[in-house]
Amino acid sequence: MLKHNHTNRTFVYHRIRLRPRYLRDVSEVDTRTTIQGEEISAPICISPTAFHGIFWPDGEVSTARAAQAAGICYITSTFASCTLEDIVASAPQGLRWFQLYVQSDWQLNKQLIQRVESLGFKALVITVDAPIIGKRREDIRNQFDLMKSLQLKNLRSPTERNSVPCTQAPPISASFCWDNLSWIQSITQLPIILKGILTKEDAELAVEHNVHGIIVSNHGGRQLDEVPASIDALSEVVSAVKGKIEVYLDGGVRTGTDVLKALALGAKCIFLGRPILWGLAYKGEDGVAEVLNILKNEFHTSMSLIGCRSVAEINRDLIQFSRL
């Protein structure tokens, strides 16, 4: 599944061509925008990925610091290798959202949601495309099982936090459905974002159920073979919501022009997964900062060269689809 995702990424983005407009004053270009009413320095944020401690000793603490310094949003995973309290303490001024895998234990879900709200997380991102884990052939071939050796520090009740962390994940709920959203909404004031939507039908249902945003994502190509690339599903979702909620994109972004293309297709911002982990493995907090700086600088350059002085000026007229 990973191979399928990687080999098609270049093709998917490269067949979207740019239509630059010239003779515009681009002496000052502003990359700032907002998501859920909060300002970010650029529409380039960090996706939820698990177990950053594999890549760098400080794990999510380093990621959170880099995100705070860059002035962008970091979505912390349910399966973080650092405690939520340590992540918040490391970057107290950072914009944080929390990604929730809905557990079969509803009391645990309630404790997690209320805990992150009390810690100052600004949104709840519910991953909807993993009611079960897909057949990850590379993991099977390499006999790779994170859960056998890593500690899940955040999947415990408050009274258990000083005990030895568990090494087995509680089961993700396979029964979680649209009807359960109202229960989650009843226990939190946090805006709810659904991550993993790929179709207009589910986008319309998301609007009907009063969620606040959608992250268009195919889970890095690791869940279900033959689904569309996130960038290919984006337009369908954007059209379906009719501007009623914000739509974001996760998946495949590697350059500043990729960011520009996603925004031209209607994304409010993009979220990065693998590149953040590559930067973290390379040089910890400084490595994540370098990845973010590279993309932010490339995005600034792309905006200048296509003739946009602000993010609000990026629109679909600036792109066309090639017959590659």
Side-chain angles (χ1 to χ4, degrees), residues 40 45-103 105 108-127 130 144-170 172 188 190 193 195 215 219-220 250 271-292:
I40 50 177
C45 299
I46 300 179
S47 295
T49 49
F51 301 119
H52 289 199
I54 295 174
F55 304 93
W56 193 258
D58 288 341
E60 288 82 3
V61 164
S62 291
T63 307
R65 285 174 178 156
Q68 176 179 270
I72 53 95
C73 178
Y74 163 42
I75 307 178
T76 303
S77 170
T78 294
F79 296 147
S81 48
C82 299
T83 68
L84 298 172
E85 287 76 12
D86 286 346
I87 294 167
V88 171
S90 69
Q93 304 306 314
L95 175 58
R96 298 177 300 277
W97 293 358
F98 179 74
Q99 175 264 342
L100 176 69
Y101 280 115
V102 175
Q103 308 294 309
D105 182 342
L108 178 57
N109 291 323
K110 183 176 181 179
Q111 290 171 349
L112 266 174
I113 292 167
Q114 293 180 340
R115 181 177 167 197
V116 298
E117 187 166 10
S118 69
L119 286 169
F121 285 77
K122 296 298 185 182
L124 184 66
V125 177
I126 302 176
T127 294
F144 181 67
D145 187 350
L146 286 172
M147 299 304 178
K148 285 185 177 179
S149 57
L150 293 172
Q151 297 179 342
L152 301 171
K153 296 185 177 181
N154 294 304
L155 293 179
R156 292 169 292 160
S157 69
T159 59
E160 296 174 326
R161 279 183 210 156
N162 293 324
S163 63
V164 176
C166 63
T167 56
Q168 290 296 317
I172 296 172
T188 182
L190 293 176
I193 318 294
K195 179 179 181 290
I215 301 179
H219 214 108
D250 163 274
F271 287 88
L272 294 170
R274 288 182 178 97
I276 296 300
L277 298 179
W278 297 336
L280 190 65
Y282 163 58
K283 206 192 296 184
E285 178 184 342
D286 292 340
V288 174
E290 284 193 40
V291 168
L292 293 171

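Numbers here are sequence positions counted from 1.
From K110, atom NZ reaches atom CG of L112 across 13.0 Å, with rounding to the nearest 0.5 Å. A distance of 8.5 Å separates CD1 of I172 from OG1 of T127, quoted to the nearest 0.5 Å. For the atom pair CD1 of I126 and OG1 of T78, the computed distance is 10.0 Å after rounding to the nearest 0.5 Å. The CG atom of D250 sits 12.0 Å away from atom CD1 of I46, with the distance rounded to the nearest 0.5 Å.
Every side-chain contact (heavy atoms from CB on, under 4.5 Å) that A123 has, sequence neighbours left out, goes to W97, P191, I193. C45 meets the side-chain contact (heavy atoms from CB on, under 4.5 Å) test with I35, I40, I72, C73, C269, F271; sequence neighbours excluded. Residues passing the side-chain contact (heavy atoms from CB on, under 4.5 Å) test with F121, sequence neighbours excluded: T76, L84, V88, R96, F98, V116, L119. Under the rule for a side chain to side chain donor-acceptor pair (under 3.5 Å), the partners of E117 that lie at least two apart in sequence or sit in another chain are T188. Remark: K283 pairs with E290 by the salt bridge (Lys or Arg N to Asp or Glu O under 4.0 Å) rule, at least two apart or across chains.
Closest approach of A89 to P92, counting heavy atoms only: O-CD, 3.5 Å. Contact detail for A66 and V288: the closest heavy-atom pair is CB-CG1, 3.5 Å. Of all the heavy atoms in S77 and T49, the pair that sits closest is CB-O, 3.4 Å. The shortest non-hydrogen separation linking A130 to Y101 is CB-CE2, 4.0 Å. Taking both residues in full, the closest heavy atoms of I276 and L292 are given as CD1-CD2, 4.0 Å, listed atom of the first, atom of the second, then distance. Of all heavy-atom pairs between E285 and L280, the closest is N-CD1, 4.5 Å.
Using modelled atom types, no side-chain atom of N154 and backbone atom of F79 make a donor-acceptor pair closer than 3.5 Å. In this structure, the side chain of E60 engages the main chain of C82 through a donor-acceptor pair within 3.5 Å. Using modelled atom types, no side-chain atom of N109 and backbone atom of V102 make a donor-acceptor pair closer than 3.5 Å. Under the 3.5 Å distance criterion, the side-chain polar atoms of D105 are matched with a main-chain donor or acceptor of L108.
Residue pairs meeting the side-chain hydrogen bond (donor to acceptor under 3.5 Å, both in side chains) criterion with at least one member in residues 62-74, sequence neighbours excluded: H52-T63.
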